[in-house]
Asker: 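Shown below is the structure under consideration.
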Amino acid sequence: QVQLAESGGGLVQAGGSLRLSCTVSGLTPSNSAMGWFRQGPGKTREFVAGITGSTFNTKYADSVKGRFTISRDNTKNSVFLQMDHLTPEDTALYYCAARLAAVAVSWTMWDYWGQGTQVTVSA
């Protein structure tokens with residue numbers, strides 16, 4: 001059974017930082033792309049960042065490029081999202097996702113999901 005569990009969300013002031021973590025079980029890390037998505041109030045789920053399984057190639061949404069960094073540690077079955085220079089527009093429920101193929105921008109193409117962790121950025 002595949003399980004993804006996010007942690008690290010919270011309330012932060014604009015300009016601050018947070019680091020999200022996602023622990024994965026039931027998958028072979030090197031065979032799985034990992035990604036972070038977010039869904040703000042009244043918005044559709046959107047791609048934030050993704051990382052491939054073995055080569056660790058990364059992809060970012062334009063809105064977070066230069067501010068967020070995705071990384072992974074396959075020895076710990078974990079993926080991380082370092083978020084710096086946060087703005088109120090980053091407020092959302094952040095989801096970790098896994099895909100048994102390459103990174104994809106569309107959330108509909110991902111196979112497994114965590115429950116989400118809330119990130120709230122105050123002005």
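The analysis underlying the following values was restricted to heavy atoms, covering all of them including side chains, and did not include hydrogens, waters or symmetry mates. One is the number of the first residue; the rest follow in order along the sequence.
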Asker: With a 4.5 Å cut-off on side-chain heavy atoms, are Val119 and Thr91 touching?
Answerer: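 No, their side chains stay 4.5 Å or more apart.
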Asker: Taking C-beta and beyond as the side chain, do Thr69 and Thr58 meet within less than 4.5 Å on heavy atoms?
Answerer: no
Asker: Report yes or no: is the cationic atom of Arg72 (NZ for Lys, CZ for Arg) under 6.0 Å from the centre of the six-membered ring of Phe80, at an angle within 45° of the ring normal?
Answerer: no
Asker: Same cluster for Leu100 and Val24 if Ile/Leu/Val/Met/Phe/Trp/Tyr side chains link at under 4.5 Å?
Answerer: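 Hydrophobic grouping puts Leu100 with Val24.
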Asker: Establish, yes or no, whether the cationic atom of Arg45 lies under 6.0 Å from the six-membered ring centre of Trp113 and within 45° of the ring axis.
Answerer: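 Judged by the rule (NZ or CZ under 6.0 Å from the ring centre, within 45° of its axis), Arg45 counts as positioned above Trp113.
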Asker: Within a radius of less than 6.0 Å around NZ of Lys43, do more than 12 heavy atoms belonging to other residues, nucleotides or ligands occur?
Answerer: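 Not buried by this count: 12 neighbours or fewer within 6.0 Å.
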Asker: Please examine the side chains of Val48 and Leu81, heavy atoms only from C-beta on, and report whether any two atoms are closer than 4.5 Å.
Answerer: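 Side chain of Leu81 against side chain of Val48, heavy atoms only: contact under 4.5 Å found.
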Asker: Can you tell me how far apart CZ (Arg99) and CG (Asp111) are? Round to the nearest 0.5 Å.
Answerer: 7.0 Å
Asker: When you measure from the side chain of Asn31 to the backbone N and O of Thr28, does any donor-acceptor pair fall under 3.5 Å?
Answerer: no
Asker: Evaluate side chain to side chain contact (heavy atoms under 4.5 Å, CB included) for Thr52 paired with Val103, printing each intermediate quantity in order.
Answerer: CA-CA 6 Å; Thr52 58; Val103 172; 4.1 Å; yes
Asker: Going through the checks in order, is the side chain to side chain contact (heavy atoms under 4.5 Å, CB included) test met by Arg38 and Ser63?
Answerer: CA-CA 12 Å; Arg38 67 186 182 185; Ser63 59; 3.5 Å; yes
Asker: So, Phe47 versus Trp36, ring centres under 6.0 angstrom or not?
Answerer: no
Asker: Mind checking whether Tyr112 and Val79 sit in one hydrophobic cluster, side chains of I, L, V, M, F, W, Y counted as touching below 4.5 Å?
Answerer: yes
Asker: Carefully, step by step, assess Tyr95 and Trp107 under the rule ring pair (Phe, Tyr, Trp, His ring centres under 6.0 Å).
Answerer: CA-CA 10 Å; Tyr95 296 93; Trp107 69 269; 9.3 Å; no
Asker: Side-chain contact test, heavy atoms from C-beta onward, threshold under 4.5 Å: evaluate it for Met83 versus Val64 and give yes or no.
Answerer: no
Asker: State the CG-CZ distance between Asp84 and Arg19, to the nearest 0.5 angstrom.
Answerer: 11.0 Å
Asker: Can you find a side-chain donor-acceptor pair between Ser78 and Asp73 that sits under 3.5 Å?
Answerer: no
Asker: Under the 3.5 angstrom rule, does the side chain of Gln115 hit a backbone N or O of Glu6 as a donor-acceptor pair?
Answerer: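 Answer holds: no.
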Asker: Quick one, Ser71 and Gln82 - any side-chain contact, counting heavy atoms below 4.5 Å?
Answerer: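 No - every pair of side-chain heavy atoms lies 4.5 Å or more apart.
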Asker: To check you understand the geometry: which heavy-atom pair defines the closest contact between Ala123 and Ala14, and what is its length?
Answerer: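 For Ala123 versus Ala14, the nearest heavy atoms are CA-CB, 4.4 Å.
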Asker: With rounding to the nearest 0.5 Å, note down the distance linking CD in Gln13 to OG in Ser122.
Answerer: 5.0 Å
Asker: With rounding to the nearest 0.5 angstrom, report the OG to CG distance, Ser32 to Leu4.
Answerer: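 It comes to 9.0 Å.
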Asker: Does Leu86 share a hydrophobic cluster with Leu20, counting links as ILVMFWY side-chain heavy atoms below 4.5 Å and allowing steps through other members?
Answerer: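 Leu86 and Leu20: one cluster.
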Asker: How far does OG1 of Thr120 sit from CG of Asp90, to the nearest 0.5 angstrom?
Answerer: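 Between Thr120 OG1 and Asp90 CG, I get 11.0 Å after rounding to 0.5 Å.
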Asker: Evaluate the ring planes of Phe68 and Tyr94, with Trp represented by its six-membered ring, and classify them as parallel (under 30°), tilted (30 to 60°) or perpendicular (over 60°).
Answerer: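 Answer is tilted, since the angle falls between 30° and 60°.
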Asker: Side-chain contact test, heavy atoms from C-beta onward, threshold under 4.5 Å: evaluate it for Thr23 versus Gln3 and give yes or no.
Answerer: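 Of all side-chain heavy-atom pairs linking Gln3 with Thr23, none is under 4.5 Å.
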Asker: Calculate, to the nearest 0.5 Å, the distance between atoms CD1 and CE belonging to Ile51 and Met34 respectively.
Answerer: 9.5 Å
Asker: Could you pull out the closest heavy-atom pair between Leu27 and Ala98, with the gap in Å?
Answerer: CD1-CB, 3.6 Å
